[in-house]
> 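There's a structure below that I have some questions on.
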Protein chains: 4
Amino acid sequence: MRSDSKKVTFTQAARRAQIVTAAIEVIAEIGWAQTSIRKIADRVGVAMSAVLYHFGNKDNLVDAIIEEMYRSALAAVAPAIQAENTSAGKLAAYIRANIAYFDSHRTQLAALAQLGAGYQPTDGRRFDELGMTEELREELAILDPNSILVAGQQDHEFGDFAVGSMSMALRGAVNAVVEKILREPDFDAHAYGEDLVDICSRVVAVQR
Amino acid sequence: MRSDSKKVTFTQAARRAQIVTAAIEVIAEIGWAQTSIRKIADRVGVAMSAVLYHFGNKDNLVDAIIEEMYRSALAAVAPAIQAENTSAGKLAAYIRANIAYFDSHRTQLAALAQLGAGYQPTDGRRFDELGMTEELREELAILDPNSILVAGQQDHEFGDFAVGSMSMALRGAVNAVVEKILREPDFDAHAYGEDLVDICSRVVAVQR
Amino acid sequence: MRSDSKKVTFTQAARRAQIVTAAIEVIAEIGWAQTSIRKIADRVGVAMSAVLYHFGNKDNLVDAIIEEMYRSALAAVAPAIQAENTSAGKLAAYIRANIAYFDSHRTQLAALAQLGAGYQPTDGRRFDELGMTEELREELAILDPNSILVAGQQDHEFGDFAVGSMSMALRGAVNAVVEKILREPDFDAHAYGEDLVDICSRVVAVQR
Amino acid sequence: MRSDSKKVTFTQAARRAQIVTAAIEVIAEIGWAQTSIRKIADRVGVAMSAVLYHFGNKDNLVDAIIEEMYRSALAAVAPAIQAENTSAGKLAAYIRANIAYFDSHRTQLAALAQLGAGYQPTDGRRFDELGMTEELREELAILDPNSILVAGQQDHEFGDFAVGSMSMALRGAVNAVVEKILREPDFDAHAYGEDLVDICSRVVAVQR
DNA sequence: GATGAATGAGTGTTCATTCAT
DNA sequence: CATGAATGAACACTCATTCAT
């Protein structure tokens, strides 16, 4: 009995993953507004109702998609930050790892951008709450540049500047890569990242 | 006769403006994906076919919406920049005027964000080309921070830094206000703007 | 007053004729199913409501179109038949004049074919009754080959054959040109007409 | 398993056939221009979307309708011709079988006439190409009187006459039955057919 | 575990017609 | 004499969802 259900769960998980992957590709290619369950199912090669069998409804599917995206981004970026000891190192790692991830995961990026702007859950939840477990939320905190900047100021590695605003501006500057890459596929994201590291170092530097 | 035709044109323009305004509100409130011509018409209080009578099809309506938005933004931001003499003044004016505009035109902003991500024209045009006349395109160039930064470096008012990347980062940092405001209506955009002016001044300052 | 109304009537008639002509062209080009009052008005260069001003509604417009077509065909074919003295001469003239008319009035032909198959009047009238005055109906009787064949048999110019069926078959054979021409614009209708004259002469010939 | 899938296919085929039949009836009754998917669905007793589920779009439905008509006509007429040995026999069989078919399949006939004149496929295809497989096209060649007339002349069973024009005239004369029957339901098509056999025999007869 | 059939709500668009001017 | 504005009905088509199998 147990082995049976395990086996079932395994194939089930595989199918779910397969569908989520296909969904991300479809969304990235044709945009969320044009994405339908049928098109996703077509890409997987199963019947439309099979998708609904696995996810119940469209909202649940989006939940799964977003969770998958967070996990993927987290796995790529968090280790790079944690590997650094100094705040300056962590800041540079944050910028570089994020931009490198964006550069190498354009499909997921495009899909996430589409969902972020175009998707509104049927139930009242806000977009940030989708695909979100308490555990995941904690882990994602690592990705917030705010904590890095605060730490850097507290141990006087960084000088005086408006932490909250700088954090927000930095996130904006980093995220600008997304639109840019999607519009200009040949954009040199790496060079931009290095420039951004330099620009930020001037801002956080201790003023003499 | 002339006054007659003017009157007619005026009436027509008024209705068109009324519909565009209503459309922007609807898009901002429920998102582009959920927006339909019928819902826009309902808000105006006319039949759905009246909207199509004035704009022919949905694409033309979006064209009109976007043109209206560009004009509105241009009228709000350009004069503030042009009123300044120094590059530093223009840079600060760019930041402040943009953020102030974002802060005071949230509905238009939300709608534009929705369209930018979710709308794909039926014909081949890219999003940048929508609602765009040659004349408008020229005027919009004024709003690009790149020209300000380049000028500042040329007359040695600014120091040495990666102009292209800084320009892009700045646009990203400014645009970050949009998402923030939409998510946190009480966000103090003005304070963020002042902080951003300060942060930027450090980056562009001549290094001793 | 009278001169006024006459003037009005004249321009009115001109406009009506102009609209009818345009309508025939449009129907021939895009088919009755795709024809709308707006498209007809566009071709004339007037507002859609101007067409309705002149004809009241779509049915009346079709009436006018069909009447115009009958008159045109009648004017082209009837004299040719009446110019002949013998039944054989009339029969040949019937065939030749009809086919020549079809060959040289393809637009009207295409339009008539479209209307004949696709148009159903809102009121109960049958298609034959459209655009039909009593006077016109009488004149049209001349175009029926049946009367020619009957006369030819009565004065023993023709031999023995089934008059009604031959008449119907002949009309069918003549009308076949319409479809053929519309499908193959280079079809040699004249040669077909001559062949048809020959074929018919065999059928009506007095058997020895 | 196999029986299962067969059953499914069978059900599907049955529904498709049911819809096609209903569509033919509707078209025959109210004309193609007035025919809508909804009206067809209403006749079947299903939702409009059910029709679209089975055929995808209106064009595909028309394709299926026309194919069905060709098959039906072919099955009725071809065997009768092939059963004859002489060219004269085949010619008479062609006329009689066609007219008998027209007489007994008025609904299909009316529908075909409607489609032939009023329907224009969305894609570029011409009307002849609709519902047409290569296999079907070959089989339909049997129905062309041209081949019968040519064969009759080659083995001197028939005399000298313009084969192409006679073939076209014959088709026209046969098809004339369609309009006649639709306008006069009590028309004696059989008698007309016999007359037509007689008329044709005179034309093709060897002249002494 | 997965599927095909079916549906109802909703979409953008076309159209003939009405009406005040 | 002619127009622009507006409308309601109809249209083909898409979609997420339900359900029996």
Side-chain angles (χ1 to χ4, degrees), chain A residues 7-9 11-12 15 33-41 46-61 122, chain B residues 4-5 7-9 11-12 14-16 33-41 44-61 122, chain C residues 7-9 11-12 15 33-41 44 46-59 61 122, chain D residues 4-5 7-9 11-12 14-16 33-41 44-61 122:
Chain A
K7 197 175 178 185
V8 165
T9 301
T11 54
Q12 194 166 338
R15 255 289 142 80
Q34 277 68 45
T35 297
S36 72
I37 293 186
R38 159 145 281 147
K39 287 171 188 164
I40 295 169
V46 299
M48 173 183 52
S49 34
V51 174
L52 284 160
Y53 169 76
H54 281 286
F55 292 94
N57 60 31
K58 216 185 178 188
D59 280 357
N60 294 150
L61 172 57
T122 315
Chain B
D4 250 38
S5 71
K7 198 173 176 185
V8 167
T9 302
T11 316
Q12 191 176 22
R15 250 290 139 75
R16 282 179 61 104
Q34 277 68 45
T35 296
S36 74
I37 293 185
R38 164 152 282 140
K39 287 171 189 164
I40 294 170
V44 180
V46 299
M48 175 184 45
S49 40
V51 175
L52 287 161
Y53 168 75
H54 282 284
F55 292 93
N57 60 32
K58 214 185 179 188
D59 279 1
N60 292 152
L61 173 57
T122 313
Chain C
K7 198 176 178 185
V8 165
T9 302
T11 55
Q12 194 166 337
R15 254 289 141 78
Q34 277 68 44
T35 296
S36 71
I37 294 185
R38 159 145 284 146
K39 287 170 188 165
I40 295 170
V44 180
V46 299
M48 174 182 50
S49 33
V51 175
L52 284 160
Y53 168 77
H54 282 285
F55 293 93
N57 60 33
K58 217 184 178 189
D59 280 357
L61 173 57
T122 317
Chain D
D4 250 38
S5 71
K7 198 175 178 185
V8 166
T9 301
T11 314
Q12 190 177 22
R15 252 290 140 80
R16 282 179 61 103
Q34 278 68 45
T35 296
S36 74
I37 294 185
R38 161 148 286 140
K39 287 171 187 163
I40 296 170
V44 180
V46 299
M48 175 185 47
S49 41
V51 175
L52 286 162
Y53 167 76
H54 281 284
F55 292 93
N57 59 34
K58 215 184 177 186
D59 279 359
N60 292 151
L61 173 57
T122 313

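It should be emphasised that the depicted structure is a prediction, and the values quoted were computed from it without experimental measurement. Chain identifiers are assigned alphabetically (A, B, ...) following the order of the sequence lines, protein sequences preceding nucleic acid strands; residue numbering begins at 1 within each chain.
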> Map D:Gly45 and D:Met48 onto DNA chain E by nearest heavy atom, then report which one ends up closer to the 5' terminus.
D:Gly45
> Students often get this wrong, so: under 4.0 angstrom with heavy atoms, is C:Ile37 touching a base, only sugar-phosphate, or nothing?
sugar-phosphate
> To the nearest angstrom, how far is B:Tyr53 atom OH from F:dA5 atom P?
3 Å
> Quick one, D:Val51 with D:Leu61, criterion side-chain contact (heavy atoms from CB on, under 4.5 Å). Give me CA distance, side-chain angles, the key distance, then yes/no.
CA-CA 9 Å; D:Val51 175; D:Leu61 173 57; 4.2 Å; yes
> Take the protein atom CD of A:Gln34 and the nucleotide atom C1' of F:dT14, then report the distance between them rounded to whole Å.
12 Å
> How long is the line joining CZ of D:Arg38 and P of E:dT7, in whole Å?
12 Å
> Measure from CZ on A:Phe55 to C1' on E:dA2 and round the result to the nearest Å.
14 Å
> Quick check for you: to the nearest 0.5 Å, what is the distance between B:Thr122 atom OG1 and B:Asn60 atom CG?
9.5 Å
> Minimum heavy-atom separation for D:Arg16 to D:His54, with atom names?
NH1-O, 3.2 Å
> If you find the nucleotide of DNA chain F closest to C:Val51 and the one closest to A:Asp59, which residue's nucleotide is nearer the 5' end?
C:Val51
> Using a heavy-atom cut-off of 4.0 Å across all strands, would you classify B:Ala47 as base, sugar-phosphate, or nothing?
sugar-phosphate
> Just the rounded figure in Å: distance from C1' of F:dA16 to CD1 of A:Ile40.
12 Å
> Can you measure C:Lys39 atom NZ to E:dA16 atom C1' for me and round it to whole angstrom units?
13 Å
> Does E:dC15 have its OP1 or OP2 closer than 4.0 Å to a side-chain nitrogen or oxygen of C:Lys58?
no
> Using a cut-off of strictly less than 4.0 Å, decide whether D:Arg15 has a side-chain nitrogen or oxygen near OP1 or OP2 of E:dG4.
no
> Consider the side chain of C:Ser36, meaning its heavy atoms from C-beta on, and name the nucleotide among F:dA16, E:dA2, E:dC15 that approaches it most closely.
E:dC15
> Measure distances between side-chain N and O atoms of C:Ser49 and base N and O atoms of F:dG4, and say whether any donor-acceptor pair falls under 3.5 Å.
yes
> Where do D:Thr35 and D:Lys58 come nearest, in terms of heavy atoms and distance?
O-NZ, 3.6 Å
> What is the distance, to the nearest angstrom, from the CZ atom on D:Arg16 to the C1' atom on E:dG4?
14 Å
> Find the partner of F:dC13: check Watson-Crick (N1-N3 plus N6-O4 or O6-N4) and G-U wobble (N1-O2, O6-N3) distances, both under 3.5 Å, and reply none if neither fits.
E:dG10
> Return the CD1 to CG distance between B:Ile40 and B:Leu52, rounded to the nearest 0.5 Å.
9.5 Å
> Can you tell me the pairing partner of F:dA20 across any strand shown, Watson-Crick or G-U wobble, with both distances under 3.5 angstrom?
E:dT3
> Atom CG of B:Leu61 to atom C1' of E:dT13: distance rounded to whole Å?
14 Å
> Which nucleotide sits closest to the side chain of B:His54: F:dA6, F:dT17, E:dT7?
F:dA6
> D:Leu52 has a side chain; which of E:dT18, E:dT13, F:dC13 sits nearest to it?
F:dC13
